Amino acid sequence: MSKITTINPATGEDLQSYDVMTQQQATDRVEACHAAFLEWRKLSHQERAPYLTKIAQKLRDNADELAALMTRETGKLLKDGQTEVEICAAILDYTAQTGPDALADEKRTHGPEAKRGVVTYQPIGVIYSIQPWNFPLYQPIRVLAANLMAGNGCVLKHASICTGSGLRLRELCIEAGLPKDLFQVIVIGHDTSDALITHPLVRGVTMTGSDDAGRHIGATAAKALKKTVLELGSNDAYLVLEDADIETAVKFSVMGRLYNNGQTCVSAKRFIVTDKVHDAFVEAYVAQMQKITMGDPTDDDVQLGPLSSKDQLDTVKDQVAASVAKGARILCGGEAADREGAYYPATVLADLAPGMPAYDDEIFGPVASIIRAKDDEDAMRLANESRYGLGGGIFCKDEEHALRLARDHFDTGMVRINSFGAADPNMPFGGVKDSGYGREHGGFGMKEFVNVKAIFLP
């Protein structure tokens with residue numbers, strides 16, 4: 001039987017080894033989840049809600065332990081891990097509070113005689129959740145909370161490097177009283193994963209990851225006529241417009257590029273700066289990025305920890321090197337630290353052009369791309385040229401102007417104005433173009449995997 005071993009990216013030390021399941025073992029988990037679903041679906045939304053509230057409290061009660069585990073497995077700052085636990089608890093609480101009303105039957109009328117009708121949101125079964133390593137708790141929780149409330153079961157395939165976090169989450173859910181088979185965590189390879197997507201008892205597939213992985217999983221599910229929700233990568237543009245407040249722009253641009261060690265799908269990656277403020281912004285931004293303290297992610301004073309793995313470090317190094325080879329200029333950083341661990345410094349690149357990874361692609365690390373624009377209109381054009389469309393940002397003193405651009409022109413699923421932040425339970429999360437489709441949070445996620453059933457009464 002093959003094994004996977006988790007590794008601390010800050011030190012390179014082996015953490016723990018886990019047996020990889022056979023296809024039969026994984027299938028058994030799917031079947032057990034389906035059996036649990038058949039009982040769970042009988043509960044009302046109001047009866048399901050307390051389970052979510054109890055899981056939220058269990059996460060809060062174990063926040064220090066969970067944050068430390070995530071830091072050991074992925075290198076995220078310990079304080080960011082503690083924030084992640086609270087975001088997860090807030091999502092569970094929000095879903096418990098709003099789910100019964102959001103999923104309640106709706107009275108409608110039909111026909112010229114206005115006869116009675118009912119629209120009801122019914123669960124469909126086992127949802128297969130394929131999740132990445134960058135937020136080991138948040139990624140699975142946002143799927144789990146919505147689908148438990150909807151009445152579905154959930155089978156999680158987590159990224160191998162944070163296997164321990166996925167398994168610990170399931171343990172805590174069971175400790176909180178969730179039926180043990182309703183949420184399964186499976187340790188499997190890609191071939192077994194593809195087989196599960198086509199399993200008759202899997203009724204929907206949701207995945208967060210790269211656009212290449214999304215294409216494969218989406219195509220595999222489509223052949224089996226399974227609905228998917230795909231939250232994929234992005235190279236989010238943050239626009240620094242002609243009337244931007246430079247201090248505000250720099251503050252949130254540093255935060256937006258370095259949050260979670262630069263490994264966040266919806267974060268500031270390309271900074272499109274208008275001619276009028278270009279030099280002032282770049283000078284101030286580079287100065288702040290040069291001051292960033294990199295080191296032990298458990299140290300409260302550290303602002304940037306390691307990347308999640310040596311493989312991730314190599315990928316970032318290669319993307320920067322390829323961009324420089326094509327003419328990009330390094331304004332700061334740009335060279336991996338000569339130390340133990342997967343550390344890469346806060347980096348700023350300029351003189352970017354199409355054809356460079358730092359212009360076209362997503363760099364999942366603390367690397368900022370500066371792109372010069374003639375004016376506000378040109379900045380918006382450059383932002384939308386990307387094949388991605390997950391999030392973005394606008395720095396502009398004229399809030400109404402920024403709002404119009406965000407609403408009418410920015411071709412993304414989310415836009416931040418004069419700010420940066422993590423996901424919010426009350427706002428939809430998702431993208432367009434190569435960043436995927438479907439929405440989570442804000443009540444939308446609870447309706448992605450339900451049977452919206454029309455009932456016609458006489």
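What's counted below: heavy atoms across the whole structure, side chains too, no hydrogens, waters or symmetry copies. Starting from 1, each residue takes its place in the sequence as its number. In this text the structure is predicted, and so the values were computed from the model without any measurement.
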Worksheet entry | From OG (Ser165) to CZ (Arg72), nearest 0.5 Å | 8.5 Å

Item to complete: Would you give the length of the straight line joining atom CG of Leu144 to atom CD of Gln131, rounded to the nearest 0.5 angstrom?
Response: 10.5 Å

Discussion item. Any heavy-atom pair between the side chains of Leu78 and Pro297 that's under 4.5 Å?
Written reply: no

Worksheet item: Taking NZ, NE, NH1 and NH2 as the nitrogens, is one of them in Asp378 or Arg381 under 4.0 Å from a carboxylate oxygen of the other?
Response: yes

Worksheet, complete the sentence: Of all heavy-atom pairs linking Cys396 and Asp243, the shortest is SG-OD1, 3.1 Å

Discussion item. Looking at every heavy atom in both Ser435 and Gly233, which two are closest together, and how far apart are they?
Written reply: OG-O, 2.7 Å

Worksheet item: So, for Ala368 and Phe271, which heavy atoms are closest and what is the spacing to 0.1 Å?
Response: CB-CE1, 3.5 Å

Discussion item. Before you tell me yes or no, could you show the steps for Met380 and Leu239 under side chain to side chain contact (heavy atoms under 4.5 Å, CB included), namely the whole-Å CA-CA distance, both residues' side-chain angles and the distance that decides it to 0.1 Å?
Written reply: CA-CA 7 Å; Met380 192 76 264; Leu239 281 55; 4.1 Å; yes

Discussion item. Counting only heavy atoms not in Glu385 (residues, nucleotides, ligands), do more than 12 fall under 6.0 Å from its CD?
Written reply: yes

Worksheet item: Within the side chain of Glu231, is there an N or O that forms a donor-acceptor pair under 3.5 Å with the backbone of Gly209?
Response: no

Practice prompt. Please check if any side-chain donor atom of Ser193 sits under 3.5 Å from a side-chain acceptor atom of Tyr128, or the reverse.
Written response: yes

Discussion item. Nearest 0.5 Å, please: how far is CH2 in Trp133 from OG in Ser309?
Written reply: 6.5 Å

Fill in: Residue pair Asp375, Thr274: steps toward the side-chain hydrogen bond (donor to acceptor under 3.5 Å, both in side chains) verdict
CA-CA 5 Å; Asp375 52 27; Thr274 52; over 6 Å; no

Worksheet item: Hey, what do you get for CD (Glu171) to NZ (Lys58), rounding to the nearest 0.5 Å?
Response: 11.5 Å

Worksheet item: Does anything in residues 332-344 pair up under salt bridge (Lys or Arg N to Asp or Glu O under 4.0 Å), and if so which pairs, sequence neighbours excluded?
Response: none

Discussion item. Between Tyr138 and Arg142, is there a side-chain heavy-atom distance shorter than 4.5 Å?
Written reply: yes

Item to complete: Show your reasoning for whether side chain to side chain contact (heavy atoms under 4.5 Å, CB included) applies to Gln263 and Ser308.
Response: CA-CA 8 Å; Gln263 300 167 122; Ser308 63; 3.6 Å; yes

Worksheet entry | Nearest-0.5 Å distance that lies between atom CG in Leu77 and atom CG in Asn260 | 8.0 Å

Worksheet entry | Nearest-0.5 Å distance that lies between atom CD1 in Ile246 and atom CZ in Phe281 | 7.0 Å

Worksheet, complete the sentence: For Asp19, the salt bridge (charged side-chain N to carboxylate O under 4.0 Å, His left out) test, sequence neighbours excluded, returns Lys3

Worksheet entry | Whether over 12 other heavy atoms sit under 6.0 Å from Gln290 CD | yes

Worksheet, complete the sentence: Residue pairs passing the salt bridge (Lys or Arg N to Asp or Glu O under 4.0 Å) test with at least one member in residues 75-92, sequence neighbours excluded, are Arg60-Glu86, Lys76-Glu84

Discussion item. With heavy-atom distances below 4.5 Å as the criterion, would you say the side chains of Gln184 and Cys154 are in contact?
Written reply: no

Worksheet item: Which heavy-atom pair separates Leu390 from Gly431 by the least distance, and what is that distance?
Response: CD1-N, 3.6 Å

Item to complete: Could you check if a side-chain atom of Thr5 sits within less than 4.5 angstrom of a side-chain atom of Leu15, using non-hydrogen atoms only?
Response: no

Item to complete: If a pair satisfies salt bridge (Lys or Arg N to Asp or Glu O under 4.0 Å) and one of its residues is in residues 408-430, list it, with sequence neighbours excluded.
Response: Asp411-Lys433

Worksheet item: Do Val85 and Gln82 pass the side chain to side chain contact (heavy atoms under 4.5 Å, CB included) test, and can you show the C-alpha distance, the side-chain angles, and the key distance before you say yes or no?
Response: CA-CA 5 Å; Val85 174; Gln82 289 163 337; 5.8 Å; no

Discussion item. Tell me whether the rings of His441 and Phe429 are parallel (<30°), tilted (30 to 60°) or perpendicular (>60°).
Written reply: perpendicular

Worksheet item: Please walk me through it: do Phe395 and Ser253 pass side chain to side chain contact (heavy atoms under 4.5 Å, CB included)?
Response: CA-CA 10 Å; Phe395 296 108; Ser253 295; 3.4 Å; yes

Item to complete: Indicate yes or no: at least one non-hydrogen side-chain atom of Leu304 is less than 4.5 angstrom from one of Asn261.
Response: yes

Worksheet item: Applying salt bridge (Lys or Arg N to Asp or Glu O under 4.0 Å), which residue pairs with at least one partner in residues 186-215 are found, sequence neighbours left out?
Response: Asp211-Arg215, Asp211-Arg387, Asp212-Arg215, Arg215-Asp434

Worksheet item: Is there a side-chain hydrogen bond (donor to acceptor under 3.5 Å, both in side chains) between Tyr388 and Thr412 once you walk through the steps?
Response: CA-CA 8 Å; Tyr388 293 114; Thr412 64; over 6 Å; no

Worksheet item: Should Gln139 and Asn134 be marked as a side-chain hydrogen bond (donor to acceptor under 3.5 Å, both in side chains) after you check the CA-CA gap, both sets of side-chain angles, and the distance that decides it?
Response: CA-CA 8 Å; Gln139 299 285 7; Asn134 58 333; 3.2 Å; yes

Worksheet item: Looking at side-chain heavy atoms only, is the closest gap between Val348 and Ile330 below 4.5 Å?
Response: no

Discussion item. Among Val282, Val273, Asp275, Ile272, which residue satisfies the side-chain contact (heavy atoms from CB on, under 4.5 Å) criterion with Arg372?
Written reply: Asp275

Worksheet entry | Partner residues of Arg329 under the salt bridge (charged side-chain N to carboxylate O under 4.0 Å, His left out) criterion, sequence neighbours left out | Asp351

Worksheet entry | Minimum side-chain heavy-atom gap Met149-Leu103 below 4.5 Å | yes

Worksheet item: What heavy-atom pair brings Glu73 and Pro9 nearest, and what distance separates the two atoms?
Response: O-CD, 3.7 Å

Worksheet entry | Thr163 side chain reached by His158 side chain, heavy atoms, under 4.5 Å | no

Item to complete: Indicate the atoms forming the closest heavy-atom contact of Gly438 with Val229, along with that distance.
Response: CA-CG1, 4.1 Å

Worksheet item: Cation over ring, Lys447 on Tyr121, under 6.0 Å and within 45°?
Response: yes

Worksheet item: For Glu65, does the CD atom sit with more than 12 other heavy atoms under 6.0 Å from it, leaving out its own atoms?
Response: yes

